[in-house]
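The block underneath contains the structure these notes are about, expressed in structure tokens.
Just so you know, ligand 1 is whichever comes first in the structure, and atom 1 is the first atom listed for that ligand. In this chain, residues are counted from 1 in sequence order.
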Amino acid sequence: MSKLQAMRGTRDILPDEVVYWQTIEATAREILTRAAYREIRTPIFEQTELFERGIGEATDVVGKEMYTFVDRGDRSTTLRPEGTAGVVRAYIEQNLFATGGVQRLWYAGPMFRYERPQAGRQRQFHQIGLELLGTDDPRADVEAIAIATDLLKTLGLKNLHLALNSVGRGEDRERYRQALVEYLMPYKGDLDEDSRDRLTRNPMRILDSKDKRTQEIAQNAPSILDYLGDESKRHFDRVCDLLSQLGIAYELNPCLVRGLDYYTHTAFEIQSDDLGAQATVCGGGRYDGLVEQLGGKPTSAIGWAVGLERLILLLQKLDRKLTSSIDFYLISRGDRAESQALLLSQQLRQAGLTVELDLSGSAFGKQFKRADRSGAVACLVLGDAEAENGTVNLKWLKTGEQETWQQSELLAQVETLKPKIESASVKS
Ligand code: ATP
Ligand code: MG
């Protein structure tokens, strides 16, 4: 029989690593909630057509990377490759626009793309994303970007760069496309195969190519920023100005494009120097045409998504080691002591402490060893004598200092003990 394994491009996230995930999730939830964003949870699979219309058939994601299958009812079904399309579908289907004003939404969860797995690139990966719908105000673009930078900074990440561009509006891009094709035509033979293909279908995507030679050619291509109409230019100048006012540094990158018609104005990425080839931690931009493209009323919107696997790689490189900690490791031996210990562990947990109960029934010496290895701040010991007297022995594991408590008194004093536990747990 062959050995069962997790599928290529997927992985188990084990408890030691989950601490990092929980830290990111808690930090994101706090920062987004403080900015009045509300969480939305949409299904993990949707009608294939949603992504074809919402991401675009000419993109790699839809063209090559989707997990698409026919379900038992003959419906073409796709595991979501990203979060925005589902959120926008829900926005339209659930009349979220009906309350008027803007909708500030965020989501978190797994996404699926059939890609070649490598560091920071998987087939099941995870994103946290934000969508701000219902306004074309440049302040919205800057709010979205500021929240993303705030999140990454709060997590302690350094060496990050914000790359910024504007792809303008449809008519700006029309003029730009002509100029771009004119520039690229003489290099046709030097472009990579995909890019040659795109020359007629979607030339702006060539700027985004990962091929070295194509990138060199793209470096000298005309810049979209020189083709923006007055309105687009005003929007972009305001975004840049506001970013500066907020002290958020950025670099213009005219090669940062999204080639589809419903992407408008601001496009941005946050990249890290410490990630190698998969440098982008956060990608986002304005999509003023998408809601209409999916059957809703014209609605301006902006959003971003951060990739959690890449964030975790960065966090693990920082010195800050994250581990979960236990307050009390509770050991006991003998029938009466063991049942009292079970009860005491529940009562201490209800009072707010983290308690691990040793269930081995082995000799105290062995249980003490496990207590030492558990990383707990203190060990509670319950033997026959303690059970008889209703007491419990408390041993601070770092100093070896011991105290005897009435069990009832220990429970009554939990609040006064908490600061002592806290200070004894500071890892040295
Ligand atoms: P890339 O250029 O790396 O393929 P992308 O343009 O496809 O990125 P987006 O669709 O903008 O990425 O998704 C936003 C973020 O999600 C990325 O910046 C990245 O951090 C993360 N991400 C995208 N695809 C994957 C993947 N296959 N595995 C892990 N993370 C991913
Ligand atoms: Mg990709």
> Does NZ or CZ of Arg104 come closer than 6.0 Å to the centre of the six-membered ring of Tyr37, within 45° of the ring's axis?
Replying inline: yes
>> Between Arg113 and Arg121, does the side chain to side chain contact (heavy atoms under 4.5 Å, CB included) criterion hold? Intermediate values first, please.
In response: CA-CA 9 Å; Arg113 297 185 194 176; Arg121 190 178 295 290; 6.0 Å; no
> Taking everything shown except Arg139 itself, do over 12 heavy atoms lie less than 6.0 Å from its CZ?
Replying inline: no
>> For Asp208, give me all partners under side chain to side chain contact (heavy atoms under 4.5 Å, CB included), at least two apart in sequence or on another chain.
In response: Val257
> Going by heavy atoms, is Arg310 under 4.0 Å from ligand 1?
Replying inline: yes
> Around atom CE of Met7, are there more than 12 heavy atoms of other residues, nucleotides or ligands at under 6.0 Å?
Replying inline: no
> Where on Arg113 is there a heavy atom closer than 4.0 Å to ligand 1, on the side chain, on the backbone, on both, or on neither?
Replying inline: side chain
> Would atom 27 (N) of ligand 1 count as contacted, meaning some protein heavy atom under 4.0 Å?
Replying inline: yes
> What protein heavy atom sits nearest atom 20 (O) of ligand 1, and how far off is it?
Replying inline: Thr280 O, 3.0 Å
> Which residue holds the protein heavy atom closest to atom 11 (O) of ligand 1, what is that atom called, and what is the gap in Å?
Replying inline: Gly283 CA, 4.4 Å
>> Could you work out, with side chain to side chain contact (heavy atoms under 4.5 Å, CB included) as the rule, every residue matching Lys420, not counting sequence neighbours?
In response: Trp396, Glu401, Glu403
> Is there at least one pair of N or O atoms, one from Lys210 and one from ligand 1, spaced under 3.5 Å apart?
Replying inline: yes
> Which option out of Arg121, Glu115, Met111 puts a heavy atom nearest to atom 3 (O) of ligand 1?
Replying inline: Arg121
> Which residue supplies the protein heavy atom nearest to atom 21 (C) of ligand 1, what is that atom called, and how far is it?
Replying inline: Gly307 CA, 3.6 Å
> Of the protein's non-hydrogen atoms, which lies at the shortest distance from atom 22 (N) of ligand 1, and what is that distance?
Replying inline: Phe125 CE1, 3.5 Å
>> Is the contact between Val281 and ligand 1 made by the side chain, the backbone, both, or neither, using heavy atoms and a 4.0 Å cut-off?
In response: backbone
>> Check this for me: Asp230, atom CG, are more than 12 non-hydrogen atoms of other residues, nucleotides or ligands nearer than 6.0 Å?
In response: no
>> Please classify the Glu65 to ligand 1 contact at 4.0 Å (heavy-atom distances, strictly less than): side chain, backbone, both or neither.
In response: neither
>> Taking the six-membered ring of Tyr329 as reference, does the cationic atom of Lys395 (NZ for Lys, CZ for Arg) lie under 6.0 Å from its centre and within 45° of its axis?
In response: no
> Can you find an N/O atom of Gln127 closer than 3.5 Å to an N/O atom of ligand 1?
Replying inline: yes
> Can you check whether Gln122 has an N/O within less than 3.5 Å of an N/O in ligand 1?
Replying inline: yes
> Any cation-pi pair here, Arg123 with Tyr114, using under 6.0 Å and within 45°?
Replying inline: yes
